[in-house]
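Residue numbers start from 1 in every chain, and the chains themselves are labelled A, B, ... in the order their sequence lines are given, proteins ahead of strands. Fair warning: this is a prediction, and the values are worked out from it, not measured in the lab.
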Amino acid sequence: MSSNRFNSYSDLGIGIGLRSVHLPRIVETLPSVDWFEVISEAYMVEGGRPLAWLDQVASHYPIVQHGVSLYPGSAQGLDEAYLQRLKELTRRTKTPWVSDHLCWGSIDGTVSHDLLPLPYTKEAVRCTVANIRRAQDILELPFVVENLSSYAEFHASTMSEWQFLCEVVEGADAGILLDVNNIYVSSANHGFDPYLYLEQLPHERVAQIHVAGHSRSGKVIIDTHDHPVCDAVWKLYARAIELCGKTPTLLEWDADIPDLETVLAEAHKARRYLTPQPVETRHAG
Amino acid sequence: MPGEMPLLALQQHMLRALQEPLSGESRTRTSLVPGPEGASPVVSQVADLLLTPSASLRPAERLELYHRQYWFRLLDALAEDFPALQRWLGADAFWDLAEGYLLAHPSRSFTLRHLGYALPSYLPDHAFRNPVAALDTAFALGLALLEVALCQAFEAGERPPLAGAALGESAIALQPYVKLLSLDYPVDTFWRQRRLSSARRARFARAQPRTRCLVVYRRGSRVEVERVPKAALAILVALQNTARLERALEEVATVPGLLRRQDQSRIADWFSQWVARGWFCAG
């Protein structure tokens, strides 16, 4: 596995997202999977069933925290109370790293609960770098940012998405959660070459990879996480593994969620790219 | 020039546009992708200011996708937390209420679980488009209070429970997951009805106001709703206010007619049940 300082030199293999619909089955059968990713905000609570389930799963599997509300691109800085609660949860889960999205979503105290795209500008780089550095100081864990799937581009942008991602992670000394489905979705919606995007990244900073399914809806592709991973995304994943090395990989399936076995079978398809395949022997005719 | 707009101003413009009520096709379709008439004038104006077109979408269509996503996510979250209120009001009146509520109380929390906490305080002032729905607001308010209590009990903390012997000696508090409600209508009975005929609903609508005392609490990982006698709820409320057993009992005893003879003989049973459930902790 691609062990590096951004994933705390962990050797995690293939994981799936921990979803409430699967919890009883997971605890009952302890399925064969290397780790679970949890949505941090679902467990930033005082008590009750979410934490009870989390503790049970954490007693059997490594847990990695993935957030949706840190909003590192917010022009007004981070919510300090949120950061403290996030830190409390990291102590409970012992997550080796913390990830969230390269986005904004809250302004003037109002929270959109969406992952909104940023303009790719120097100002946005400076703002995001400062916010991520603040998060790292508080959390005292490696912080890893995920590239977004997006449906909009700004007049204000002065650089490509991958240039923006590179400047942010290098400025903040952060890792990358490389979502290859998001690259695919955005490349189709914005008309860029997804392989060029992959080539341009600092591969040594990739701590984790996401794969997921998406839906075509009219003139755009939407990042719905409600389908199996399509062949084009698996091909992009294969190239990502060539460039980054074997990297902890997680399948996201968040809507129209099928049974646990179906999700696990889809996730384990990643093994064919992570495990070296025997070279076919050519027989002389 | 749009290119020179500071990041803060850009984010303020964009979020304000997303908070605009949905209009046109966006109100009637559930797919995220907008049709040609989806965007309101404000959304179109902000989109042109901020966004470029793509090969297939105009700026307004691109922003409208986020606009729908914003509203659908928040409306879905409210519908998930208030299923009984939605059954009571019907889908159209619930959307009407939810939209008005979100315009008045946009989310201020990192989690959608807290989104509806202020709905009971907003509901009595909401001007329903359908005046028939307005007639049902007293019952609806009871349902909203019950469903907020359910959400709060679900995720509230739990402190080390006090043993029975400690109740008279130390300051007492109720566990954070114990919520007390005094409501005017049988909303708990309605809440338990997963399917409802129009005749049955009409019977609820005709219910006369009369105090119903409820405790919403967590047992293990399940949230339960239990009716309790008026005196029992009064003791629990007094304990919450005074933190002292003796004082709470004195307070309840001074209310004329509250503690009936049969209640007095049941107080010990109530306390042993509450202690067994771990409802008390150090205050």
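- Here Leu51(B) contributes atom CG and Ser157(A) contributes atom OG; the two are 9.5 Å apart, rounded to the nearest 0.5 Å.
- We find the OG-CD distance between Ser112(A) and Gln11(B) to be 10.0 Å, quoted to the nearest 0.5 Å.
- Atom CG in Leu50(B) sits 7.5 Å away from atom NE2 in His155(A) (nearest 0.5 Å).
- Among the candidates Pro117(A), Gly67(A), Gly191(A), the residue making the largest number of heavy-atom pairs closer than 4.5 Å to chain B is Pro117(A).
- The number of heavy-atom neighbours closer than 6.0 Å to CZ of Arg227(B), taken from other residues, nucleotides and ligands shown, is above 12.
- With a 4.5 angstrom heavy-atom cutoff, Asp108(A) touches chain B via backbone and side-chain atoms both.
- Under a cut-off of 6.0 angstrom, the local environment of OH in Tyr184(A) is sparse, with at most 12 non-hydrogen atoms contributed by other residues, nucleotides or ligands.
- Remark: the backbone N or O of Tyr151(A) is paired with a side-chain donor or acceptor of Tyr66(B) at under 3.5 angstrom.
- Interface remark: Leu86(A) contributes no atoms to any contact with chain B (heavy atom separation under 4.5 Å).
- Comparing Leu51(A), Asn189(A), Thr158(A), Val111(A) by heavy-atom pairs within less than 4.5 Å of chain B, the highest count is held by Val111(A).
- Of the possible donor and acceptor atoms, one in the side chain of Glu123(A) sits under 3.5 Å from a partner among the backbone N and O of Leu7(B).
- Most heavy-atom pairs under 4.5 Å with chain B, from the set Ala42(A), Gly47(A), Ala52(A): that is Gly47(A).
- Heavy atoms of Ala152(A) lying under 4.5 Å from chain B belong to its backbone as well as its side chain.
- Contact tally against chain A (heavy-atom pairs below 4.5 Å) for Ala9(B), Ala156(B), Ala55(B), Pro176(B): the top residue is Ala156(B).
- Using a distance-only test at 3.5 Å, with no hydrogens or angles considered, no donor-acceptor pair links the side chain of His113(A) to the main chain of Ser107(B).
- If you run side chain to side chain donor-acceptor pair (under 3.5 Å) between Thr110(A) and each of Arg16(B), Arg108(B), Gln19(B), Gln12(B), only Arg108(B) comes through.
- The backbone N or O of Glu41(A) sits less than 3.5 Å from a side-chain atom of Arg113(B), completing a donor-acceptor pair.
- Looking at Ser150(A), the atoms closer than 4.5 Å to chain B (heavy atoms on both sides) sit in the backbone and in the side chain alike.
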Query raised in the report: Can you list the steps and then say if Asp114(A) with Arg73(B) is a side-chain contact (heavy atoms from CB on, under 4.5 Å)?
Result: CA-CA 8 Å; Asp114(A) 202 352; Arg73(B) 179 173 286 121; 3.3 Å; yes
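- At a threshold of 4.5 Å between non-hydrogen side-chain atoms, the residues Phe154(B) and Pro50(A) count as touching.
- Looking at Leu63(B), there are no atoms closer than 4.5 Å to chain A (heavy atoms on both sides), in backbone or side chain.
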Query raised in the report: Could you walk me through whether Leu10(B) and Leu118(A) pass the side-chain contact (heavy atoms from CB on, under 4.5 Å) check?
Result: CA-CA 9 Å; Leu10(B) 180 148; Leu118(A) 285 158; over 6 Å; no
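- A donor-acceptor contact shorter than 3.5 Å is absent between the side chain of Ser221(B) and the backbone of Arg49(A).
- With a 4.5 angstrom heavy-atom cutoff, Tyr82(A) touches chain B only via side-chain atoms.
- Residue Tyr177(B) does not touch chain A at all, counting heavy-atom pairs closer than 4.5 Å.
- Atoms CG and SG, on Leu8(B) and Cys127(A) in that order, are 9.0 Å from each other to the nearest 0.5 Å.
- We find the CD1-CD distance between Ile222(A) and Gln69(B) to be 7.0 Å, quoted to the nearest 0.5 Å.
- Closest approach of Lys219(A) and Leu57(B) over heavy atoms only: CE-CD2, 3.8 Å.
- Open room surrounds CD on Glu80(B); 12 or fewer heavy atoms of other groups in view lie less than 6.0 Å from it.
- Shortest non-hydrogen contact noted between Glu155(B) and Val45(A) is OE1-CG1, 3.6 Å.
- The minimum heavy-atom distance linking Leu116(A) with Met14(B) is given by the pair CD2-CE, 4.2 Å.
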